[in-house]
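Throughout, a chain's letter reflects where its sequence line sits, starting with A, and its residues are numbered from 1. Keep in mind it's a predicted model, so treat the numbers as computed, not measured.
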2 protein chains.
Amino acid sequence: MATIYQVSELAGVSLATVSRVMNKNTRVSDKTKKKVLDAMEQLGYKPNSIAQSLASNCTNSVGILVSELHGPFFAQMMAGIESELRAAGKHVIITTGHSEEDKEQEGIEFLISRRCDAIILHVEAVSDDYLIKLSKGSTPVYLMSRYVEQLKDNCISLDNQLGGYLATKSILNHGHTQIAYIAGPQFKADAFNRLEGHKQALAEAGIKFDPALFYIGDFNETGGSKGLKHFIDEKLSFTALVCANDEMASGAMKYAREHGYNLPNDLSIVGFDNVIFANYLYPTLTTIDNPVGKMGEMAAKLVLKDVYQNKNLVINRFFEPTLMQRDSSAPLIK
Amino acid sequence: MATIYQVSELAGVSLATVSRVMNKNTRVSDKTKKKVLDAMEQLGYKPNSIAQSLASNCTNSVGILVSELHGPFFAQMMAGIESELRAAGKHVIITTGHSEEDKEQEGIEFLISRRCDAIILHVEAVSDDYLIKLSKGSTPVYLMSRYVEQLKDNCISLDNQLGGYLATKSILNHGHTQIAYIAGPQFKADAFNRLEGHKQALAEAGIKFDPALFYIGDFNETGGSKGLKHFIDEKLSFTALVCANDEMASGAMKYAREHGYNLPNDLSIVGFDNVIFANYLYPTLTTIDNPVGKMGEMAAKLVLKDVYQNKNLVINRFFEPTLMQRDSSAPLIK
DNA sequence: ACCTTAAATGTAAGCGCTTTCATATGCAAT
DNA sequence: ATTGCATATGAAAGCGCTTACATTTAAGGT
């Protein structure tokens, strides 16, 4: 593989000049530039990015830590990040944290030891304090779908409360008034805020929040089926069910169908996230679109702007979810 | 950030010795080893992996090229590759080819210019010749789900014919004899081999392949719905439908349901791949499991063995798919 | 023609490691 | 003690670039 030295020799110039034509930031006369370019062409020269990194103290790589590679968000988020970064000639190093505190920390240390220019984290197990301390280090840290006040400039987050509001609001608009709610684990900020949105919509409609029609699930399918089972076993009266994510909505739909419900006429169901399979469910799931792909793109843009001095990028750190009306929810039949 | 030089100073030894205790391959006396380790500890020393790469001509990184990050296989494949490689201290650099020839080539060049120690490709647009030429270069090339005779030692592939056979066989076992088939684009080896398996199963059962009950789809949902529409419009008689992938099976299921079919009683449907949403469909989709996760792991192991001299790994280049019997196919009701 | 100044190019010192080769050390055998 | 040998350690070159600084070149003003 040709080196910069061979190029300089063939072109009859110094190493520095070759480096200059590669880095385009200092002026080189057109004549010598051409000589150098020709020599590169002739030798099939490709700069050694490792040597560049060492000399310039910039690896052109961004580390990404996600919970699970096969989780529903990861792929879309990654697609967003990768396309932005790749277009800028940067690359992405990926690792996983499996939602466990020590594995997340280990993954972060791994990325830092690889000398990533920045890291984008989608973590849940690690504490806010840890993140704050981490961000004092030399590697810039960005957070996806997690808001930490002290790090607010580095957070890309979703307005979960608005999402929760929209979900319940869509059901209210359909004339429902007896609405059950299956929440996610309340120590997770997302779950908490979605519930807040639900309560807000109810309050606005003059309906008081009924603790009996409230169940805390685990964000998995079983959480949804257990939740619905609970409401049914308690012989409660309700015509709609709002779930804090799509997995639980799917679990609830399965349970409902197995117990003779005709969806959506007997029960309207709404999810949250608009994961890939929402559109494959039967009936197709009405849900709140969580624009993770767009948020990934934005995280990448933020890195490009902050770390790689790509000045004129417009940054939006706060995303608004939208309603995806499909077939699992419908107007109340009196 | 501490350098090896500072460690050597604090420990009162030479650079070389510090390097030796890091690389564990040459003997260092226990006494000096301890001094060095203590010094590292005290300084919080982390080796600079970039400098290591430059000096050792080994980047400890493996490039991965996939068609789409949000495609159904990618996540599982990646999860397999990443977990294996990460455990060995290597990392993964990811990029996409979007199934377009020039983008795939560009992605490959990008990975090579990053000096990956090996690249794992999941490509479809690029030609066999290109791959053969590529593998003559200095970066070892591995192929996922693609078999090229000349590169057979570097291919991890699935027995698609067996899969096609199993799919149709399961339907035959249910007593069906009028079986429609929606194939994938026949220039794709996977699609071709799956069809071969289908024919083999028919032949074995003494049923002759009927070109009227055969349709070539596009591997997307629309291919499935169009295929089924075609069969119905032609007023053909069939009680089962085998599709060459799950997307088409899903499309066919939607079309069937919209046209009053009661699944699986009016029509048994089988897919192929067992993508993540197969289990979320209604009824849940009977399909052929494509063990992409395992194949990803194996690709990583192969790299570990070939490139990183990890001798005692057992390699299996050929994977066998298995039947996932679910609710979308059932015994024929006479 | 001569001096000044800006632009173009060259020189050489790193970046933080690995690794070859040379040297020092310790120990057993004489 | 002396030799020999294996083992432990050090010195220094080099991996392929970037970049501060020094030097050369060209152009403009008098």
Side-chain angles (χ1 to χ4, degrees), chain A residues 1-40 43-61 89 112-117 138-139 308-309, chain B residues 1-40 43-61 89 112-117 138-139 308-309:
Chain A
M1 204 134 241
T3 71
I4 196 176
Y5 180 75
Q6 297 169 33
V7 174
S8 78
E9 228 177 9
L10 183 61
V13 298
S14 72
L15 288 191
T17 303
V18 178
S19 176
R20 284 184 188 107
V21 347
M22 289 200 290
N23 296 306
K24 305 172 198 295
N25 40 25
T26 8
R27 285 209 48 74
V28 177
S29 76
D30 289 351
K31 202 171 52 189
T32 53
K33 186 187 287 182
K34 184 172 184 327
K35 279 194 298 186
V36 171
L37 259 18
D38 287 351
M40 284 180 172
L43 292 168
Y45 171 76
K46 296 262 192 288
N48 181 323
S49 60
I50 296 295
Q52 288 179 315
S53 294
L54 183 59
S56 65
N57 195 30
C58 165
T59 60
N60 289 308
S61 68
I112 291 177
S113 82
R114 286 294 184 192
R115 297 299 199 270
C116 293
D117 297 332
S138 50
T139 308
Y308 297 116
Q309 286 81 37
Chain B
M1 204 135 240
T3 71
I4 196 176
Y5 179 75
Q6 296 168 32
V7 173
S8 78
E9 228 177 8
L10 183 59
V13 298
S14 74
L15 289 190
T17 303
V18 177
S19 176
R20 283 184 188 108
V21 348
M22 288 199 292
N23 296 305
K24 306 174 200 291
N25 40 23
T26 8
R27 284 210 47 73
V28 177
S29 75
D30 289 350
K31 200 171 51 188
T32 52
K33 185 187 287 181
K34 183 172 184 330
K35 279 194 298 188
V36 171
L37 259 18
D38 286 350
M40 284 179 171
L43 292 168
Y45 171 76
K46 294 261 193 291
N48 181 324
S49 60
I50 297 295
Q52 288 178 316
S53 294
L54 182 60
S56 65
N57 195 31
C58 165
T59 59
N60 289 308
S61 69
I112 292 177
S113 83
R114 285 296 188 194
R115 297 296 199 273
C116 293
D117 297 331
S138 50
T139 306
Y308 297 115
Q309 287 81 38

Which whole-number value in Å describes the distance from B/Leu15 CG to D/dA11 P?
9 Å
Rounded distance in Å - CG (B/Leu54) to P (D/dA13):
17 Å
With a cut-off of 3.5 Å and sequence neighbours excluded, list every side-chain donor-acceptor pair involving residues 9-19 of chain A.
unit_1	atom_1	unit_2	atom_2	d
A/Ser14	OG	A/Ala16	N	3.4
A/Ser14	OG	A/Thr17	N	3.4
A/Ser14	OG	A/Thr17	OG1	3.2
A/Ser19	OG	A/Asn23	ND2	3.3

Name all residues meeting the side chain to side chain donor-acceptor pair (under 3.5 Å) criterion together with B/Tyr308; count only those two or more places apart in sequence or in a different chain, and write none if there are none.
B/Asp117
Residues A/Pro47 and A/Gln52: closest non-hydrogen pair is CB-NE2, 3.5 Å
When all nucleic acid strands are considered with a 4.0 Å heavy-atom cut-off, which category describes A/Asn57: base, sugar-phosphate, or nothing?
nothing
Distance under 4.0 Å to a non-hydrogen atom of chain A counts as contact; along DNA chain C, which nucleotides mark the start and end?
C/dA8 to C/dG16
Can you give me the closest heavy-atom contact between B/Leu54 and A/Leu54, atom names plus distance?
CD2-CD2, 3.3 Å
Please state how far atom CZ in A/Arg20 lies from atom P in D/dC17, giving the value in whole angstrom units.
16 Å
Both B/Ala51 and A/Ser56 contact DNA chain D. Taking the nearest nucleotide for each, which residue is further toward the 5' end?
B/Ala51
Are B/Met1 and B/Asn48 close enough that some pair of their side-chain heavy atoms sits under 4.5 Å apart?
no
Which is true for A/Ser19 with a 4.0 Å heavy-atom rule: it touches a base, it touches only sugar-phosphate, or it touches nothing?
base
Classify A/Val18 by what it touches in the nucleic acid, base, sugar-phosphate, or nothing, heavy-atom distance under 4.0 Å.
nothing
If I take atom CD1 from residue A/Ile50 and atom OG from residue B/Ser61, how far apart are they, to the nearest 0.5 angstrom?
6.5 Å
Selection: residues 27-36 of chain B, any non-hydrogen atom under 4.0 Å of DNA chain C:
none
A/Lys46: salt bridge (charged side-chain N to carboxylate O under 4.0 Å, His left out) partners, not counting sequence neighbours:
none
What integer distance in Å separates A/Tyr5:OH from D/dG14:P?
12 Å
Sub-4.5 Å side-chain heavy-atom contact between A/Ser53 and A/Arg115
no
By the salt bridge (Lys or Arg N to Asp or Glu O under 4.0 Å) test, which pairs, at least two apart or in different chains, include something from residues 18-37 of chain A?
A/Lys34-A/Asp38
